[in-house]
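These numbers were taken from a predicted model, which means no experiment stands behind them.
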Amino acid sequence: MASSGAEPTIFSRIVAREIPATIVAETDHIIAFNDIAPQAPVHVVVTTKSQQYRNVGELAAGDPALLAELIAVAGRVADEHCGSEFRLIFNTGASAGQTVFHVHAHVLGGVLEEGTLAAL
C-alpha cells in the first residue's frame, strides 16, 4: 500500500482539483473522468479518491466495499456513456501496463473489436 508520505499521484491531484479533468461521475469515495489519451470512443478512468491502494488486488483485500463502489460507479458511467456495453480493465503492475500506481479501472465503450486496443 502507498504510505501516507507518498507523493500525490496524478489521480490524487485531479481529486484535489490541482489538475483539470472532465469529471463524469463522483461519489464521496470515487471519481470518474475522461482519459486524456483515449483508446476507444468512450474511455473513462474510475478511481478511488484515496491513493491508499496501488492496485485492484490490494483494494479487494483491503476494502471490498470500496471495490464494489468503484465497479458500481463504472457501471453507471457505462450506462450513461455507452449503452451498458463496455469493457472494464484493471492493469496491475508495470509489466501489465500500469503506469499510475493508484488503483483505477478503465471503462471502454463504443465500437470495440477484438484485438483493436493497445495496452492501457
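- Here the CG-CG distance, from Leu59 to Leu67, works out to 4.5 Å after rounding to the nearest 0.5 Å.
- In this structure, OG1 on Thr92 lies 10.5 Å from CZ on Arg54, to the nearest 0.5 angstrom.
- No more than 12 heavy atoms of other residues, nucleotides or ligands shown are found within 6.0 angstrom of CD1 on Ile36.
- Contacts of Glu26 classified as side chain to side chain contact (heavy atoms under 4.5 Å, CB included), with partners at least two apart in sequence or in another chain: Arg17, Ile23, Ile31, Lys49.
- Between Ala40 and Gly109 the shortest heavy-atom distance is CB-O, 3.7 Å.
- For the pair Gln51 and Ala6, the tightest heavy-atom approach, listed with the atom from each and the gap, is NE2-CB, 3.6 Å.
- A distance of 7.0 Å separates NE2 of His29 from CG of Leu66, quoted to the nearest 0.5 Å.
- In terms of heavy atoms, Val46 sits closest to Leu70 at CG1-O, 3.8 Å.
- Within the 4.5 Å cutoff, no side-chain heavy atoms of Glu58 are placed close to those of Val103.
- Note that the CZ atom of Phe33 and the OG1 atom of Thr47 stand 6.5 Å from one another [nearest 0.5 Å].
- Side-chain N or O atoms of Gln98 include one that pairs as donor or acceptor with a backbone N or O of Gly93 at under 3.5 Å.
- Of all non-hydrogen atoms in His43 and Ala37, the two that sit nearest each other are ND1-O, 4.1 Å.
- Side chains of His106 and Asn91 form a contact here, defined as non-hydrogen atoms less than 4.5 Å apart.
- One hydrophobic cluster, built from ILVMFWY side chains closer than 4.5 Å, holds both Val77 and Val56.
- Residues Val73 and Tyr53 fall within the same hydrophobic cluster, defined by Ile, Leu, Val, Met, Phe, Trp and Tyr side chains chained together at heavy-atom separations under 4.5 Å.
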Hey, mind stepping through Asn55 and Phe90 against side chain to side chain contact (heavy atoms under 4.5 Å, CB included) and telling me if it holds? CA-CA 8 Å; Asn55 60 56; Phe90 290 92; over 6 Å; no
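- With ring centers used as reference points, His102 lies 6.0 Å or more from His104.
- His81 NE2 to Leu108 CG: the interatomic distance, rounded to the nearest 0.5 Å, is 13.5 Å.
- Under the 4.5 Å side-chain contact rule for hydrophobic residues, Val44 and Val100 do not share a cluster.
- Under the 4.5 Å side-chain heavy-atom criterion for grouping Ile, Leu, Val, Met, Phe, Trp and Tyr, Ile71 is connected to Val42 within one hydrophobic cluster.
- Among all heavy-atom pairs drawn from Phe86 and Ser84, the shortest one is CD2-O, 3.5 Å.
- The structure places CG of Asp63 at 9.0 Å from CD of Glu69, a figure rounded to the nearest 0.5 Å.
- Tracing side-chain contacts under 4.5 Å through hydrophobic residues (I, L, V, M, F, W, Y), one reaches Leu88 starting from Ile30; they form part of the same cluster.
- The two residues Phe101 and Ala94 have their closest heavy-atom pair at CZ-N, 3.9 Å.
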